[in-house]
Amino acid sequence: RDHELEEAQQQVTQLLNEHPDTLEFIVLKSQVLVEQGKIDQAIAALKRQGGSFSLNYPYHIILAETYLRAGKAKQANQLLQKLDRLRPDNTRAQKLLAQAAADLGENARSHEYLAEYYQLMGAPQTALMQLKIALRTPGLNDYDEARLQSKLQVVHKEVDELKKDKQQR
């Protein structure tokens, strides 16, 4: 396996020498480095070679995933927060935000992101369950509790409407 990864690394390096601005090759290089256990080098490669992709959403998702694999949840969370403001309807970002929040010990926030993910996936009942779990998190402050209760009411209303629609059919 190590031999295959070394061979893959050589091929990717050759491709990058020929096409240094091809995002797919930059991402491939970082993935090979991750598989080799060189996660910090993968992050460095993404950041160094990804300069021309500063506004590229998929590039930032890959970078956030790599941060999470490296145990750098804080950096991943910061990056994902920015992405979420740009495209709040992205399910992959919501799932990664949930993972980053869990890694940071922010359990209520993690379940809130999972609720958003399930809502976007068209599973409001599962989203409702995630919000209920978030509300049961010990140490929740008043602001977060009120915010989560508000979201719970919105999702609960949607679930009720879906049940009504089913009954009328």
Side-chain angles (χ1 to χ4, degrees), residues 23-24 26-28 30-31 33-35 39-40 42-169:
L23 179 60
E24 290 82 357
I26 294 167
V27 168
L28 184 60
S30 74
Q31 289 173 332
L33 288 167
V34 166
E35 289 301 316
I39 297 176
D40 287 334
I43 291 170
L46 280 169
K47 291 173 84 173
R48 181 180 58 253
Q49 294 179 296
S52 60
F53 300 103
S54 63
L55 299 176
N56 186 292
Y57 195 86
Y59 162 78
H60 288 287
I61 290 288
I62 297 293
L63 180 58
E65 287 175 335
T66 308
Y67 276 140
L68 286 171
R69 288 195 67 179
K72 299 180 182 211
K74 185 176 180 181
Q75 290 93 327
N77 188 54
Q78 290 171 342
L79 180 56
L80 290 163
Q81 292 289 334
K82 291 176 188 174
L83 296 178
D84 189 44
R85 285 190 290 277
L86 294 173
R87 289 180 52 191
D89 60 342
N90 186 285
T91 55
R92 191 166 175 193
Q94 294 301 320
K95 195 95 175 211
L96 292 171
L97 277 163
Q99 182 182 344
D103 290 354
L104 291 169
E106 299 174 2
N107 294 329
R109 187 76 68 176
S110 177
H111 288 289
E112 181 180 0
Y113 288 126
L114 282 175
E116 185 66 29
Y117 166 79
Y118 287 117
Q119 189 75 8
L120 290 169
M121 294 297 291
Q125 289 183 316
T126 308
L128 193 66
M129 181 182 66
Q130 289 297 322
L131 289 169
K132 288 178 180 179
I133 293 169
L135 281 162
R136 288 196 303 260
T137 303
L140 201 60
N141 65 42
D142 292 342
Y143 172 78
D144 287 336
E145 186 174 346
R147 192 173 44 74
L148 289 168
Q149 282 290 353
S150 175
K151 287 184 175 189
L152 183 75
Q153 289 173 354
V154 170
V155 175
H156 209 290
K157 185 176 179 182
E158 182 179 338
V159 168
D160 289 345
E161 287 173 7
L162 287 170
K163 285 180 182 177
K164 259 189 206 176
D165 288 347
K166 262 189 178 175
Q167 289 173 350
Q168 290 177 354
R169 288 184 199 179

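Below, all heavy atoms of this structure are taken into account, side chains as well, without hydrogens, waters or symmetry copies. Along the sequence shown, residues carry numbers from 1.
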Do you know the tightest heavy-atom contact between [X] and [Y]?
X	Y	result
S110	A98	OG-O, 2.9 Å
D103	A73	CB-CB, 3.6 Å
H60	N56	CD2-O, 3.0 Å
A70	I43	CB-CD1, 3.7 Å
K95	L114	CD-CD2, 4.5 Å
K47	L63	CG-CD1, 4.2 Å

Student check: side-chain heavy atoms of [X] and [Y] closer than 4.5 Å:
X	Y	result
L80	Y67	no
M129	H111	no
Q149	L152	yes
Q81	R85	yes

Show the numbers, then the answer: is there a side-chain contact (heavy atoms from CB on, under 4.5 Å) between N90 and Y57? CA-CA 10 Å; N90 186 285; Y57 195 86; 3.2 Å; yes
R136: what forms a salt bridge (charged side-chain N to carboxylate O under 4.0 Å, His left out) with it, not counting sequence neighbours? none
Give me each pair satisfying side chain to side chain donor-acceptor pair (under 3.5 Å) with a member in residues 115-126, each pair once, sequence neighbours excluded. Q119-E158
To the nearest 0.5 angstrom, please state how far the [atom1] atom of [X] sits from the [atom2] atom of [Y].
X	Y	atom1	atom2	result
L33	I39	CG	CD1	10.0 Å
L148	T137	CG	OG1	8.0 Å
D144	E106	CG	CD	9.5 Å
L131	L135	CG	CG	7.0 Å
L96	Y113	CG	OH	11.5 Å
E112	Q130	CD	CD	11.0 Å

Hey, mind stepping through L79 and Q75 against side-chain contact (heavy atoms from CB on, under 4.5 Å) and telling me if it holds? CA-CA 6 Å; L79 180 56; Q75 290 93 327; over 6 Å; no
Is there a donor-acceptor contact under 3.5 Å linking the side chains of Q94 and D84? yes
Can a donor-acceptor pair be found, under 3.5 Å and without considering hydrogens, that links the side chain of T66 to the backbone of I62? yes
Measure from the side-chain N and O atoms of S30 to the backbone N and O of A42, and report whether any donor-acceptor pair falls under 3.5 Å. no
Considering only NZ, NE, NH1 and NH2 on the basic side and carboxylate oxygens on the acidic side, decide whether D160 and K157 come within less than 4.0 Å. no
Give a yes or no on whether a salt bridge exists between K72 and D40, defined as a side-chain N under 4.0 angstrom from a carboxylate O. yes
Please check if atom CG in D165 has more than 12 non-hydrogen atoms from other residues, nucleotides or ligands closer than 6.0 Å. yes
